[in-house]
Amino acid sequence: IEYMKKRGDSLHLDMPIAEMLAIVAHAVNKRVQDVAVMMLDRPRHKEIVEQIRAAGASLRMIGDGDIAAAIAPSLPEPDVDLYMGIGGSPEAVLAAAAIKCLGGDMQCRMWPRDEKERKGLIADGHKKDLDRIYSADDLANGQNIIFCATGISDSALLQGVRARGGVTATTHSILMRAKSKTVRFIRARHDLQIKTIRLRSDNREHIL
């Protein structure tokens, strides 16, 4: 972001994808061919995929884990330079909170799934909001934000749980704070023979 501000470049959600990728390439000091774009493997992304491939950028499709993938470009020394795609609103808010902790940014807008949903939004008074582009600060406002996540399966952000013979397990977590931009990676070892979990059904601790 700071690099683009110095150059006078700016990304906009509505600009042609080829132009967007060229700006990102300059920002990360790469050729467009070396820019890595991550995206959920979904039929709705067919047109975007074709444009990315036509521009010559590297495309990495994932089956799930779009929150982690959206966060990944803002990490120090990221493996992916840009995340693109259509996803859910709750996922966008969670990703925005983490991105603010990392000093990054994002752009998104509402994407009604069908005409019925679009008409419903308009009927509820959100006609102007349909064209609005939201930034990370719009979705996660302020600096009193803490983001914490633990990997279940492997993703672009965290390794998943590693079990050892049903006796121990290793988890990898991330804890971030927007105000201080502190990022902590936590590797924890769990003894499954004595570890407990509190169940809502009876509000008591149970051995795993």
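Remember, predicted model here, so these are calculated numbers, not experimental data.
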message: Quick one, L192 and V167 - any side-chain contact, counting heavy atoms below 4.5 Å?
response: no
task: Could you check if a side-chain atom of R204 sits within less than 4.5 angstrom of a side-chain atom of L199, using non-hydrogen atoms only?
output: no
query: Would L75 end up clustered with I67 when hydrophobic side chains under 4.5 Å apart are linked, directly or stepwise?
result: yes
- prompt: Are the side chains of V161 and H190 in touch, meaning some heavy atoms are under 4.5 Å apart?
  reply: no
Cluster check M106, I23: I/L/V/M/F/W/Y, side chain < 4.5 angstrom: no
Side-chain touch R118/L130, heavy atoms, less than 4.5 angstrom: yes
- request: Compare all side-chain heavy atoms of I99 with those of F147 and state whether any distance is below 4.5 angstrom.
  value: no
message: Using modelled atom types and a 3.5 Å cut-off, is there a donor and acceptor pairing between side-chain atoms of H45 and backbone atoms of I86?
response: yes
message: I want to check something: taking the side chain as every heavy atom from C-beta on, are Q159 and D154 in contact at a cut-off of under 4.5 Å?
response: yes
- request: I would like to know whether V183 and I174 meet side-chain contact (heavy atoms from CB on, under 4.5 Å); could you show each step before the answer?
  value: CA-CA 7 Å; V183 180; I174 189 170; 3.9 Å; yes
- prompt: Does R109 reach the main-chain N or O of I133 with its side chain, forming a donor-acceptor pair under 3.5 Å?
  reply: no
query: Can you list the steps and then say if D81 with R60 is a salt bridge (Lys or Arg N to Asp or Glu O under 4.0 Å)?
result: CA-CA 11 Å; D81 301 301; R60 293 171 57 183; over 6 Å; no
task: Please check if the side chain of K100 supplies one atom and the backbone of N141 the other of a donor-acceptor pair under 3.5 Å.
output: no
- prompt: Which one of K127, R132, H126 satisfies the side chain to side chain donor-acceptor pair (under 3.5 Å) criterion with D129?
  reply: H126
query: Got a second to check how far L40's CG is from I62's CD1, nearest 0.5 Å?
result: 4.5 Å
query: Got Q107 and D138 here, is their nearest side-chain heavy-atom distance under 4.5 Å?
result: no
- request: Working to the nearest 0.5 Å, report the span between CZ of R184 and CG of L175.
  value: 6.0 Å
message: How long is the straight-line distance from CD1 of I52 back to CE of M84, given to the nearest 0.5 Å?
response: 5.0 Å
